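Here the structure is laid out as structure tokens; the discussion comes afterwards.
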Amino acid sequence: MISAGFIIAFIVINLFFIKPHIFYPGFEINMPTGYEIHGIDVSRYQSTINWKEVKEMEIDGIKIGFAFIKATEGEKNTDPLFKKNWRRAGAQNITKGAYHFYIPGTSPERQAKNFSEMVSLQKGDLPPVLDIEISRHVTVSQMQADVKRWLQIIENHYGVKPIIYTNISFYETYFNSGFEEYPIWIAHYLQQLQPRTNRHWIFWQHSEQGRVNGIRGKVDFNVFYGDSSDFRAVLIGSEL
């Protein structure tokens, strides 16, 4: 029989010696442990990307398994590199998703139209993403109503529930109630085993300082919550 003293010693050793993140020199960041699928998100700020080099990079079993790519912003703006990134990431068989940067206080209908006219999603792509992280002094009730409207329009258009991307504080302020049906992608940069939230999440942006072959400058890093079967189940057209 295992003694109580042994159990206590085991817990103490784990608390003090098992680190929630491990530094990977090739990626130049600490990576959270215990996650199978890693990915990045990019926009025009990463300039022209060599997606072949992104695909081929692998360090100690970690490689880029997915990429979220900025498509649109607000009512009219589009990312000038979206189409190129979308096409070239797809050519390398990198699982890809598109996101819209939401501008509060402007028409959710026109913002949804901007995104849907730019982005054509197919089987095997990730669901559409709403990036909402600024308030522009919009009230909580108005924010909730407008964001819910965007989400509903996009869900009707693509036939899949969109993902909400935001940080913990913003989510708790604006979306802590009434948005439970939507999957979330949470930004949280403290080095823990998982983000500090009770809300179930499917993606976690844990760093904005990563490095990847084929990309000049820093890039955001993310992990997926689950294994390869869970990941396939999230993709558009999945039969799982």
Side-chain angles (χ1 to χ4, degrees), residues 24 26-29 31-46 49-72 79 81-101 115 118-131 154 158 160-166 182-189 194-195 200-215 218-240:
Y24 286 80
F27 295 116
E28 296 184 0
I29 56 171
M31 304 280 266
T33 59
Y35 296 96
E36 178 180 333
I37 301 172
H38 300 255
I40 58 175
D41 58 277
V42 302
S43 69
R44 65 183 177 87
Y45 294 109
Q46 276 70 45
I49 296 173
N50 185 325
W51 287 98
K52 185 175 186 295
E53 291 188 13
V54 172
K55 175 72 172 182
E56 292 175 348
M57 186 176 186
E58 182 172 351
I59 299 174
D60 295 337
I62 293 181
K63 55 185 178 180
I64 303 304
F66 63 88
F68 284 109
I69 303 169
K70 184 177 181 180
T72 52
D79 190 297
L81 292 179
F82 171 72
K83 290 184 177 180
K84 179 185 292 185
N85 281 329
W86 191 255
R87 183 177 66 255
R88 293 183 177 179
Q92 295 300 321
N93 293 317
I94 296 174
T95 302
K96 61 194 189 304
Y99 73 90
H100 172 81
F101 188 89
F115 182 82
M118 172 62 67
V119 179
S120 176
L121 297 176
Q122 299 177 346
K123 182 177 180 179
D125 289 332
L126 288 158
V129 174
L130 179 67
D131 178 346
I154 293 300
Y158 294 104
V160 62
K161 286 193 180 301
I163 299 168
I164 298 173
Y165 165 91
T166 191
Y182 295 98
I184 65 167
W185 169 16
I186 204 77
H188 184 66
Y189 301 145
Q194 60 183 13
H200 176 68
W201 52 271
I202 62 170
F203 291 101
W204 169 23
Q205 185 185 86
H206 58 84
S207 177
E208 55 184 351
Q209 297 293 317
R211 191 200 70 81
V212 177
N213 292 347
I215 299 178
K218 303 297 185 179
V219 64
D220 299 334
F221 261 72
N222 307 269
V223 292
F224 172 76
Y225 187 93
D227 59 21
S228 57
S229 295
D230 299 320
F231 186 73
R232 288 194 299 271
V234 169
L235 304 181
I236 292 175
S238 170
E239 297 178 358
L240 296 179

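Note that the structure is a prediction, hence the values are computed from the model and not measured.
Within the structure, salt bridge (charged side-chain N to carboxylate O under 4.0 Å, His left out) pairs that include any residue of residues 31-40 do not occur (at least two apart or interchain).
Going from atom CH2 of W201 over to atom CD1 of I186 covers 10.0 Å, rounded to the nearest 0.5 Å. Separation of atoms OH (Y189) and NE2 (H206) is listed at 10.0 Å; rounding is to 0.5 Å. For the atom pair I69 CD1 and R88 CZ, the distance stands at 11.5 Å (nearest 0.5 Å). Rounded to the nearest 0.5 Å, atoms CD1 (I64) and NZ (K55) are 10.5 Å apart. Interatomic distance, I40 CD1 to I49 CD1, rounded to the nearest 0.5 Å: 6.0 Å. Rounding to the nearest 0.5 angstrom, the gap separating the CH2 atom in W51 from the CZ atom in R87 is 12.5 Å.
Annotation: side-chain contact (heavy atoms from CB on, under 4.5 Å) contacts of R44 (sequence neighbours excluded): D79, P80, L81. For A71, the side-chain contact (heavy atoms from CB on, under 4.5 Å) partners at least two apart in sequence or on another chain are F82, A98, F115, M118, V119. Residues satisfying the side-chain hydrogen bond (donor to acceptor under 3.5 Å, both in side chains) test with Y45, not counting sequence neighbours, are none. Looking at residues two or more places apart in sequence or on another chain, you find a salt bridge (charged side-chain N to carboxylate O under 4.0 Å, His left out) between K218 and E28. Scored by the side-chain hydrogen bond (donor to acceptor under 3.5 Å, both in side chains) test, Y99 finds no partners at all (sequence neighbours excluded). Annotation: side-chain contact (heavy atoms from CB on, under 4.5 Å) contacts of L235 (sequence neighbours excluded): T95, L126, F231. For F221, the ring-ring contact (aromatic ring centres under 6.0 Å, His included) partners two or more places apart in sequence, or in a different chain, are F27. Qualifying side-chain hydrogen bond (donor to acceptor under 3.5 Å, both in side chains) partners for K70, counting only residues two or more places apart in sequence or in other chains: E73. Scanning for salt bridge (charged side-chain N to carboxylate O under 4.0 Å, His left out) contacts around D220 gives an empty result, with sequence neighbours left out. In this structure K52 satisfies the side-chain contact (heavy atoms from CB on, under 4.5 Å) test together with N50, E56, Q92, sequence neighbours excluded. Not a single side-chain hydrogen bond (donor to acceptor under 3.5 Å, both in side chains) links Q209 to another residue, sequence neighbours left out.
Between V234 and F224, the closest side-chain pair of non-hydrogen atoms falls below 4.5 Å. With contacts defined as side-chain heavy-atom distances shorter than 4.5 Å, the pair R211/I29 does not qualify.
Checking side-chain atoms of T72 against main-chain N and O of H100 turns up no donor-acceptor pair under 3.5 Å. With W204 contributing its side chain and Y225 its backbone, the two residues share no donor-acceptor pair below 3.5 Å.
Nearest approach of P162 to I154, heavy atoms of both residues: CG-CG2, 3.8 Å. Taking every heavy atom of both residues into account, P128 and L121 meet most closely at CD-CD1, 3.6 Å. Scanning both residues, G226 and I37, for their nearest heavy atoms gives O-CD1, 4.4 Å. Nearest heavy atom pair, residue F66 against residue V223, reads CZ-C, 4.4 Å.
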Would I202 and I163 count as a side chain to side chain contact (heavy atoms under 4.5 Å, CB included) if you check the C-alpha gap in whole Å, the side-chain angles of each, and the deciding distance to 0.1 Å? CA-CA 9 Å; I202 62 170; I163 299 168; 3.9 Å; yes
Step by step, work out the side chain to side chain contact (heavy atoms under 4.5 Å, CB included) result for D125 and K96. CA-CA 6 Å; D125 289 332; K96 61 194 189 304; 2.9 Å; yes
Kindly determine whether Q194 and Y35 satisfy side chain to side chain contact (heavy atoms under 4.5 Å, CB included), including the steps that lead there. CA-CA 10 Å; Q194 60 183 13; Y35 296 96; 3.6 Å; yes
Could you walk me through whether T166 and I184 pass the side chain to side chain contact (heavy atoms under 4.5 Å, CB included) check? CA-CA 8 Å; T166 191; I184 65 167; over 6 Å; no
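Between the side chains of W185 and D131, no donor-acceptor pair of N or O atoms lies under 3.5 Å.
The aromatic ring centres of Y165 and F68 sit 6.0 Å or more apart.
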